[in-house]
Amino acid sequence: MKRFIGFVEKEFYHIFRDKRSMFILFGMPIAQIMLFGFAITNEINNVDIAVFDQSKDTETQQIINKISASNYFSIQQEVQSESQIESIFKKGKVKAVLVFEKDFIKKLHNTKKAKVQVITDATDPNIANTISNYITSILQNYTAEKNKTNKPLYQIQTQTQLYYNPEMKSVFTFVPGVMTVILMLVSAMMTSISITREKELGTMEILLVSPLKPIQVIIGKVFPYIFLSIINATVILLLGFFIFGMPIEGSLILLGFESVLFIICALALGILISTISDSQQTAMMISLFGLMLPVILLSGFIFPISSMPLPLQVISNIIPAKWFIIIIKAIMLKGATLTVIWKETLILIFMTLVFMGISIKKYKIRLE
């Protein structure tokens, strides 16, 4: 019995001594609960919208003020012409445009009817539908308040128009999202496990002291995974196009360039994970729990980032998947060019250089 108690005490000592095990046991459940609690929501908050007010009267201004006063929407800009609407949507920040018809107040007073058009970016059909419903609800509430003192009653009618995905097919959202998740997990996880295997077997040290430079060793280890990931991306795009009818409105060359850039970024992240992992099991755990949940929850794949608390919105900016999803949706659904997505592209390039730089530095320190 004493031997058994001593063995149990030894196991507890080993667990508490290993900081990584403690983090997995206690840190990961807390992180998951916090992420699921704050990130998973069907509500919208502070969604950026624009206004195209062709009437510019007191009635439309009151409606705009009421929408702006809610916590659901943030009015970012005023559209001056109908031709600006599509260019605004292509930039990806504004999710809806509110269009007031000409002589809005005259029609409301003379015929007791006026129309408001809600144009939404339907690259994410669930968010587009939610935005439309929220705006309709606010307008109905405004109409009810007005009708308390008006006889006969006012009627403000809403018309919805969907850009880029008029049939609201959810597959238009899931194909880019699934492609992002698969590329991130396969590239990062397989790379981290491959390099950690060498460290675990003791052959990594032999490679690092060979005539090859550390950067050459690292590139040689991850080079095959670039081709495997490109094949994965190609298969996903072909399945999406031929089976689900996923459109590719933009340049295939630009799409290929951005995909390869994201793959290299994910591989660089996998190399970084290998620098802090001493075993394949640890590398797999970090890759699965440290990447899968943030990629799914904080990339905008399923849940709108604008509806999350500010700290999570800030954290989402360091997740490469967020920027790649913006890029791939813009190219495939909106036909965007590099002049539209250059900021996101530069962010991915910067992240790749940072991940690779930290990794190479750590491996050089191991040699010293």
Side-chain angles (χ1 to χ4, degrees), residues 20 176-177 179-200 204 207-208 212-234 236 254-280 282-296 298-301 315-328 338 341-367:
R20 279 191 286 261
M179 178 177 170
T180 304
V181 172
I182 291 176
L183 291 182
M184 173 59 77
L185 291 182
V186 170
S187 301
M189 183 169 66
M190 295 307 297
T191 302
S192 62
I193 291 175
S194 174
I195 297 177
T196 307
R197 186 190 301 117
E198 300 287 354
K199 291 169 60 179
E200 198 172 9
M204 191 63 182
L207 291 172
L208 289 174
L212 293 174
K213 296 180 180 179
I215 187 171
Q216 293 175 320
V217 173
I218 293 170
I219 292 176
K221 292 292 295 181
V222 304
F223 200 73
Y225 294 106
I226 296 178
F227 289 99
L228 293 174
S229 299
I230 290 174
I231 292 172
N232 271 330
T234 304
I236 294 170
L254 180 60
L255 180 61
F257 167 76
E258 297 290 352
S259 298
V260 172
L261 175 60
F262 179 69
I263 289 169
I264 295 173
C265 183
L267 291 172
L269 185 56
I271 297 169
L272 181 60
I273 292 173
S274 72
T275 64
I276 58 176
S277 305
D278 296 324
S279 66
Q280 297 177 62
T282 303
M284 183 177 293
M285 291 291 288
I286 294 175
S287 299
L288 287 175
F289 292 101
L291 292 181
M292 185 171 66
L293 285 176
V295 166
I296 293 175
L298 299 179
S299 65
F301 169 29
I315 293 173
S316 71
N317 291 325
I318 63 174
I319 298 175
K322 169 190 173 180
W323 306 107
F324 183 63
I325 286 179
I326 294 174
I327 290 171
I328 194 171
L338 187 59
I341 55 173
W342 65 273
K343 290 182 181 179
E344 291 79 6
T345 302
L346 286 179
I347 290 173
L348 281 183
I349 294 173
F350 175 75
M351 286 184 173
T352 303
L353 295 175
V354 169
F355 295 152
M356 190 66 72
I358 295 174
S359 303
I360 293 173
K361 184 177 181 181
K362 283 185 174 292
Y363 277 116
K364 283 183 177 179
I365 292 173
R366 286 174 64 91
L367 287 176

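In this text, all values refer to a predicted model and were calculated from it rather than measured experimentally.
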[X] [atom1] to [Y] [atom2] distance, which is reported to the nearest 0.5 Å:
{"X": "Met351", "Y": "Phe262", "atom1": "CE", "atom2": "CZ", "result": "10.0 Å"}
{"X": "Thr180", "Y": "Ile325", "atom1": "OG1", "atom2": "CD1", "result": "4.0 Å"}
{"X": "Asn232", "Y": "Ile182", "atom1": "CG", "atom2": "CD1", "result": "6.5 Å"}
{"X": "Ile276", "Y": "Ile286", "atom1": "CD1", "atom2": "CD1", "result": "4.0 Å"}
{"X": "Cys265", "Y": "Ile349", "atom1": "SG", "atom2": "CD1", "result": "10.0 Å"}
{"X": "Phe350", "Y": "Trp323", "atom1": "CZ", "atom2": "CH2", "result": "12.0 Å"}

Going by heavy atoms in the side chains, are [X] and [Y] under 4.5 Å from each other?
{"X": "Thr234", "Y": "Ile231", "result": "no"}
{"X": "Val260", "Y": "Ile230", "result": "yes"}
{"X": "Leu254", "Y": "Leu338", "result": "yes"}
{"X": "Leu261", "Y": "Phe324", "result": "no"}
{"X": "Ser299", "Y": "Met184", "result": "no"}
{"X": "Ile327", "Y": "Leu348", "result": "yes"}

Query raised in the report: Nearest heavy-atom pair of Ile315 and Ile318: which atoms, and what distance?
Result: O-CG1, 2.9 Å
**Report entry** Ser187: partners by side-chain contact (heavy atoms from CB on, under 4.5 Å), with sequence neighbours left out
**Finding:** Ser229, Ile263, Ala266, Leu267
Query raised in the report: Of all residues at least two apart in sequence or in a different chain, which pass the side-chain contact (heavy atoms from CB on, under 4.5 Å) check with Ala283?
Result: Ser192, Ile193, Thr196, Ser277
Query raised in the report: Stepwise, does the side chain to side chain contact (heavy atoms under 4.5 Å, CB included) test hold for Glu258 with Ile328?
Result: CA-CA 8 Å; Glu258 297 290 352; Ile328 194 171; over 6 Å; no
Report task. Before giving the answer on side chain to side chain contact (heavy atoms under 4.5 Å, CB included), spell out for Phe301 and Lys322 the whole-Å C-alpha distance, their side-chain angles and the decisive distance to 0.1 Å. Result -> CA-CA 8 Å; Phe301 169 29; Lys322 169 190 173 180; over 6 Å; no
